[in-house]
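It should be emphasised that the depicted structure is a prediction, and the values quoted were computed from it without experimental measurement.
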Amino acid sequence: MRILLASILFIIGLIALTLTIALFFPNSDGVLDLSKLEIAFLILYGSAAQYTYQRCRAIGQGAFNAAQRVTNSAGICALILIAILAIGYATSVDDQATSLSADQSDAMGQLQLVWFAALLIAAYLSAPSLSTAAPPSDSQPTKHDPEGQPLETHTEATK
């Protein structure tokens, strides 16, 4: 059951990230469609994903685990945003809520800003803590003599 929920969360996160990138290009003009906010988001989100990747590598986890953490965090953000929008729509008593006005266009811009901020925070917080890290694999255990005293290493003997 846990694997099924994690898979669903991963798929929702993948869809959310794909739609986020697709919404950057509404007019099919390529890079000319990008606003300064969207460019800043892409740079910051890439930095947060890189941070998660580096932390995963530091504790011995691979790139897929880092990508899974970032994608799952996007899925959680998407589910929370959908719930907030559904509650807002259900409690709306305005009959003209379906018509697009200038106020709603501003609200969509603010919603985009909230979505970007939530994704950035979630991607940053998806990084694992280093307190659970295993010791590096290249560290060698200290050698002891039969009485339990540590033996001198070659570098200590040359001093």
Side-chain angles (χ1 to χ4, degrees), residues 1-139 141:
M1 183 69 169
R2 183 175 181 204
I3 294 174
L4 178 65
L5 291 176
S7 299
I8 291 171
L9 189 62
F10 183 80
I11 291 171
I12 290 171
L14 210 63
I15 291 169
L17 289 175
T18 304
L19 289 177
T20 300
I21 299 299
L23 291 175
F24 285 172
F25 307 104
N27 301 325
S28 301
D29 287 339
V31 179
L32 297 176
D33 276 340
L34 292 175
S35 68
K36 291 178 184 176
L37 173 68
E38 292 165 342
I39 292 171
F41 168 76
L42 287 173
I43 292 169
L44 291 173
Y45 196 77
S47 298
Q50 178 67 23
Y51 175 74
T52 301
Y53 173 73
Q54 288 174 348
R55 296 287 289 258
C56 283
R57 292 294 301 235
I59 65 169
Q61 297 175 349
F64 181 76
N65 194 354
Q68 181 182 12
R69 285 174 172 272
V70 171
T71 307
N72 285 349
S73 68
I76 291 170
C77 283
L79 289 177
I80 291 172
L81 185 65
I82 289 170
I84 290 172
L85 289 176
I87 291 170
Y89 183 76
T91 59
S92 175
V93 292
D94 188 18
D95 292 335
Q96 298 178 359
T98 57
S99 67
L100 186 62
S101 65
D103 292 337
Q104 288 177 336
S105 178
D106 289 341
M108 291 302 287
Q110 292 172 354
L111 182 63
Q112 183 183 25
L113 185 62
V114 168
W115 173 244
F116 289 167
L119 278 179
L120 287 174
I121 292 169
Y124 178 76
L125 293 178
S126 67
S129 67
L130 293 179
S131 63
T132 60
S137 60
D138 60 359
S139 66

Under 3.5 Å: donor-acceptor pair, side chain of Ser126, backbone of Asn72: no
Main-chain N/O of Ala127 paired with Arg69 side-chain donor or acceptor, under 3.5 Å: no
Got a second to check how far [X]'s [atom1] is from [Y]'s [atom2], nearest 0.5 Å?
X: Ile15; Y: Phe10; atom1: CD1; atom2: CZ; value: 11.0 Å
X: Thr52; Y: Gln50; atom1: OG1; atom2: CD; value: 9.0 Å
X: Leu37; Y: Leu42; atom1: CG; atom2: CG; value: 9.5 Å
X: Ile11; Y: Thr71; atom1: CD1; atom2: OG1; value: 11.5 Å
X: Ser7; Y: Leu14; atom1: OG; atom2: CG; value: 12.0 Å
X: Asn65; Y: Ile59; atom1: CG; atom2: CD1; value: 7.0 Å

Residues which pass side-chain contact (heavy atoms from CB on, under 4.5 Å) with Thr20, listed by chain and number, not counting sequence neighbours: Phe24, Phe41, Trp115, Phe116, Leu119
Under the ring pair (Phe, Tyr, Trp, His ring centres under 6.0 Å) test, residues paired with Tyr51 that sit two or more places apart: Tyr124
More than 12 heavy atoms from other groups under 6.0 Å of CG on Leu5: yes
Ignoring hydrogens, what is the shortest heavy-atom contact between [X] and [Y]? Give both atom names and the distance.
X: Ala123; Y: Ala48; result: CB-CB, 3.8 Å
X: Arg55; Y: Ser129; result: NH2-CA, 3.5 Å
X: Tyr45; Y: Leu120; result: N-CD2, 3.3 Å

Set of residues satisfying side chain to side chain donor-acceptor pair (under 3.5 Å) with respect to Gln68, sequence neighbours excluded: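 Side chain to side chain donor-acceptor pair (under 3.5 Å) list for Gln68, sorted by chain: empty.
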